[in-house]
Amino acid sequence: MIKNREFQFNLMVIPGIIFVAIFAYIPMIGLIIAFKDYTYASGIYNSKWIGIDNFITFFNDPYFFRIVKNTILLGISTLIFTFPAPLFLALLFNELRSAKVKKTYQTITYLPYFVSTVIIVGLMKNLFDVNGVINGFLNIIGVDSIVFFNQPEWFRPLYILSYLWQTTGYGAIVYLAAMAGLDQEMYEAAKIDGANRIQTIIKITLPSISPTILVLLILAIGGIVGNDFERIYLMYSPLTYGSADVISTYVYRSGVISARFGYATAIGLFNSIISVMLLWSANRFSKKISDISLW
Amino acid sequence: MRAILKKIELMDIVVLLILTLMIMVTLYPFIYTCSISVSDRFAVTAGQIKLLPVGFNLDSYIYVFKDSVIFRAYLNTVIYSLTGTILGLFVSSLTAYPLSFNYSKRKIVMKILIFTMYFSGGMIPGYLLIKNIGLMDNMWALILPGTLSVWNVIIFRSFFMNVPVSMRESALIDGANEFEIFTDIYIPLSKPVFAALALFTAVGIWNRYFDAMLYLTSPEKFPLSIILRQLLIQNQYRFGDMIQTNTSVNSESVKAATIIITILPVVCIYPFLQKYFMKGIMIGAIKG
């Protein structure tokens, strides 16, 4: 009977394992081409082994400095603005008295999350168009029209804005869930002690959900160099490469467009390693200063 | 029960004001687009639309539904989303089932699955894989790679583990095999989880565009996102002859109408599933 059960269990996990083996693990093995002079014709085995040459080429690439700088700047500035936003929103929601208003507003705030990035960026391009609504407003207050999407200096703000618009509402859900699980007695006690509402937030709510905040922060730091490729790809243009071109977009152009597969894979691998290092450091640091960590 | 204070403090007003402002900013682009899609063509061209429609007609929508490319893309998007969701949820839940019990290989399978959440081959090896197995320009290139979502497996597993053991035990005594227990007991009990994950999976595929752009080359296979990109980002969409002869639409209102029909199904459905996916996120966040 038990043997029969194990056999059935085995059967049940096989499809999942096959999918993961093919679509997750085989590409991982494919990373090996980062160390080879890969051509599509020769395939993986027959391509010449060139060790870390691809990486050296990358470090000497004329665009190396630009894309690394952009990746880091974009990652950090995104983190600074988009990490606190969902938390701030959740705190505001938590202070709402009316449950009905809270639910309605919440539902509206995460609407953009369910809308595709193509549409979000498309809407932004429309609004920020030279003849669009935003410029119309600027003109009224006496400011000349700005061709937003062509200026490198506007790329980061627009990127962050689209990111905020699309993900803040949804991101607040996790914090709200954490807040909902808090012990109400603390709040009663604070009220008796005479704390006002802002003090309550700072001294009770925030510390109580700090494990959640920290975990999400660790994950976010690990993702700094990840950069939302789709979003950047939709928002950038050769005119804005100066600030918009990041590692992942460069990998795309080198790999898929120019077919320098080995080279592009090497860059991607480099990026992944940095990401893991960041994640690991953030986790270690968090463990040192608190009890909270991912592992 | 916490006493409800009747007194309204300054804080309440400030909070409500800030939130209302945020709501308005969040909604504005959507309302604006909706207005453009139903407004009079000349008002649109003249840039008169700021928030509310000027004039009213549904000609843009009629145009959009008659356009064979857009219609085809809509159909494709529906097919891809449905197929991907059904397949994905089936495989994910099936995989999660043994992992919820004392299965001999439970730990190692979990390790295999979770590892893929932290590390992956990246864009290029993924691309080469699809090429090498001959899935280029094939709808399955969009669906198969994402079918087993480890996240979904974890969520299903958490849920399955909370199902009372007694149900399973009595079924086993009655001589049922695991597949029967899975389909007759666990799946019906997991309806909320299925609902929530179905929403996310379907929306994810509905909105996906990069994979489609990378792997699909035949226009008749394009999903809506590609068409939208051509329309909105690249300004490259070739409108058929209809637009020259049809005097009550222009490219702006057609763009707007296309956006609205793309987001309408999602917008209509997601509020109803809110309570299910809130639970899903909570489980995911805590377990993750």
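Within every chain, numbering begins at 1; the chains are lettered A, B, ... in the order of the sequence lines, protein sequences first and strands thereafter.
With a threshold of 4.5 angstrom between heavy atoms, B/Leu214 approaches chain A through side-chain atoms but not through N, CA, C or O. With a threshold of 4.5 angstrom between heavy atoms, B/Ser92 does not approach chain A through any atom at all. With a 4.5 Å cut-off on non-hydrogen atoms, B/Tyr28 touches chain A through its side chain but not through its backbone. Only the side chain of B/Tyr32 comes within contact range of chain A, judged by heavy atoms closer than 4.5 Å. Looking at A/Phe114, the atoms closer than 4.5 Å to chain B (heavy atoms on both sides) sit in the backbone and in the side chain alike. For A/Asn126, the part lying under 4.5 angstrom from a heavy atom of chain B is the side chain only. The contact between B/Ile112 and chain A is made by backbone and side chain atoms together, counting heavy-atom distances below 4.5 Å. Looking at B/Ser120, the atoms closer than 4.5 Å to chain A (heavy atoms on both sides) all sit in the backbone: N, CA, C or O. Heavy-atom distances place the side chain of A/Ile26, and not its backbone, under 4.5 Å from chain B. For B/Leu19, the parts sitting under 4.5 Å from any heavy atom of chain A are the backbone and the side chain alike. Heavy atoms closer than 4.5 Å to chain B are found nowhere in A/Gln166, neither backbone nor side chain. For B/Ile18, the part lying under 4.5 angstrom from a heavy atom of chain A is the side chain only. Contacts of A/Leu92 with chain B are made by both backbone and side-chain atoms, with heavy-atom separations under 4.5 Å. Only the side chain of B/Tyr127 comes within contact range of chain A, judged by heavy atoms closer than 4.5 Å.
For the pairing with B/Tyr209, the side chain to side chain contact (heavy atoms under 4.5 Å, CB included) check across A/Ile119, A/Val118, A/Thr117 returns one residue only, A/Val118.
Between A/Phe9 and B/Phe101, the two ring planes are parallel [angle under 30°; tilted spans 30° to 60°].
In this structure, A/Tyr252 has its ring center closer than 6.0 angstrom to the ring center of B/Phe210. Side-chain rings of A/Phe19 and B/Trp140 stay apart, their centers remaining 6.0 Å or farther from each other.
At a threshold of 4.5 Å between non-hydrogen side-chain atoms, the residues B/Val15 and A/Phe93 do not count as touching.
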